[in-house]
Amino acid sequence: MKIFGCLIISLSLFISCGSEVIEAKQMESNSTLNLKEYGLDANIQIQDASVEVLDNEAKYEQKILPNKRIEIKAKENIMLVITECQENGVEMKVEFAEGFGETIIEKGEDYCIIEQEGDNGEPVYDVSLFIEKDNAFIEVKVCDPVSKAQCPSIELAKSGLEIARTFKFS
């Protein structure tokens with residue numbers, strides 16, 4: 001009963017913060033996750049993942065994933081956050097990071113890994129992959145599943161980016 005009560009309190013707090021959990025599922029090992037049932041005509045190769053779809057209010061009209069954010073928690077201790085954005089944000093993120101003296105670990109046409117300083121002075125890693133479809137963009141961001149922020153290690157950042165790169169539109 002104690003666990004059930006904590007779960008209800010946690011969900012109540014989560015919903016009261018303006019987000020609504022639409023669905024959460026546990027996926028089988030070594031599987032292709034079809035995102036169609038979550039509102040996105042795409043798939044990704046990921047193992048033992050749970051999925052949540054949350055409301056995400058946008059300041060512009062979204063074409064691919066309107067007003068939603070998909071969070072995928074994987075057994076690799078990473079979380080992928082999939083949202084729609086207006087542009088390929090690599091250059092903007094890199095320019096912003098360089099302006100603050102952050103280190104660009106890797107950068108490509110559609111992705112970047114940026115080393116930043118965490119709250120305790122330790123390095124954390126901001127990782128994003130951008131995919132274009134029909135003049136709109138999806139950002140797949142690699143995060144720490146606990147803090148829902150930057151990755152705490154370069155190893156997790158790189159392995160999360162490899163998983164993100166398996167994202168394909170159907």
Side-chain angles (χ1 to χ4, degrees), residues 2-27 29 33 35 38-40 44-59 65 67-85 89-90 92-108 110-131 137-167:
K2 213 176 216 185
I3 293 173
F4 183 69
C6 290
L7 179 62
I8 290 175
I9 290 170
S10 296
L11 286 174
S12 297
L13 287 172
F14 190 63
I15 290 170
S16 70
C17 293
S19 295
E20 179 184 345
V21 176
I22 294 176
E23 191 165 348
K25 284 187 177 179
Q26 190 71 26
M27 302 306 297
S29 296
L33 175 58
L35 299 171
Y38 305 106
L40 188 59
I44 193 164
Q45 299 293 318
I46 196 161
Q47 297 179 31
D48 298 326
S50 63
V51 179
E52 291 184 59
V53 178
L54 307 166
D55 288 337
N56 189 38
E57 199 170 315
K59 296 179 176 26
L65 190 61
N67 299 316
K68 293 192 180 0
R69 174 178 78 222
I70 299 173
E71 293 182 355
I72 304 170
K73 292 181 183 174
K75 80 171 193 172
E76 290 86 357
N77 200 28
I78 61 161
M79 182 171 75
L80 301 178
V81 178
I82 301 172
T83 56
E84 184 172 338
C85 55
V90 171
M92 179 183 65
K93 289 180 81 129
V94 167
E95 286 176 18
F96 188 77
E98 289 174 339
F100 281 95
E102 298 170 340
T103 304
I104 310 306
I105 302 295
E106 286 186 36
K107 174 189 133 180
D110 61 352
Y111 77 98
C112 58
I113 300 176
I114 300 168
E115 182 179 300
Q116 301 173 330
E117 186 175 315
D119 292 337
N120 298 326
E122 75 286 350
V124 292
Y125 301 89
D126 183 4
V127 183
S128 292
L129 173 70
F130 294 88
I131 302 110
F137 290 87
I138 289 293
E139 178 182 15
V140 181
K141 190 164 182 60
V142 182
C143 302
D144 172 64
V146 176
S147 68
K148 295 189 177 186
Q150 299 92 333
C151 292
S153 75
I154 190 66
E155 294 81 15
L156 286 174
K158 288 184 176 188
S159 68
L161 180 59
E162 289 306 310
I163 294 169
R165 284 182 171 146
T166 68
F167 178 97

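All values derive from a computational prediction rather than experimental measurement. For the single chain, residues carry numbers from 1 onward in sequence order.
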- Can you tell me if S159 and E76 form a side-chain donor-acceptor pair at under 3.5 Å?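 No pair is found: no donor N or O on one side chain lies under 3.5 Å from an acceptor on the other.
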- Distance-only polar pair, side chains of T83 and K141, donor-acceptor under 3.5 Å: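 Result is no, nothing qualifies.
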Where is the tightest heavy-atom contact between [X] and [Y], given as atom of each residue plus distance?
X   : Y    : answer
V90 : C112 : CG1-CB, 4.3 Å
A49 : I72  : CB-CG2, 3.6 Å
Y38 : L65  : O-CD1, 4.3 Å

Do [X] and [Y] come close enough that some side-chain heavy atom pair is under 4.5 Å?
X    : Y    : result
C151 : D144 : no
L40  : I138 : yes
D126 : K93  : yes
L54  : K68  : no
V140 : F130 : no
V94  : M92  : no
L129 : V142 : no
L80  : I46  : yes

Kindly compute the distance separating [atom1] ([X]) from [atom2] ([Y]), expressed to the nearest 0.5 Å.
X    : Y    : atom1 : atom2 : value
L33  : T166 : CG    : OG1   : 9.0 Å
C85  : E139 : SG    : CD    : 5.5 Å
L161 : L156 : CG    : CG    : 12.5 Å

Run the side-chain donor-acceptor check on residues 113-121: report pairs under 3.5 Å with partners two or more places apart or on a different chain.
{"from": "E115", "atom 1": "OE1", "to": "Y125", "atom 2": "OH", "distance (Å)": "3.3"}
{"from": "Q116", "atom 1": "OE1", "to": "Q150", "atom 2": "NE2", "distance (Å)": "2.6"}
{"from": "Q116", "atom 1": "NE2", "to": "E102", "atom 2": "OE1", "distance (Å)": "3.4"}

- Message: Given 3.5 Å as the limit, does a donor-acceptor pair link the side chain of S147 with the main chain of A149, or not?
- Response: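 Flag set: sc S147 to bb A149 pair under 3.5 Å.
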- Message: Taking CD in E57 as the centre, count heavy atoms belonging to other residues, nucleotides or ligands within less than 6.0 Å. Is the count above 12?
- Response: no
- Apply side-chain contact (heavy atoms from CB on, under 4.5 Å) to I131 and F167, showing your working. CA-CA 9 Å; I131 302 110; F167 178 97; 3.6 Å; yes
- Could you give all pairs that pass the salt bridge (Lys or Arg N to Asp or Glu O under 4.0 Å) test and reach residues 154-166, with sequence neighbours left out? E106-K158, E162-R165
- Query: Salt bridge between R69 and E52, side-chain N to carboxylate O under 4.0 Å?
  - Reply: no
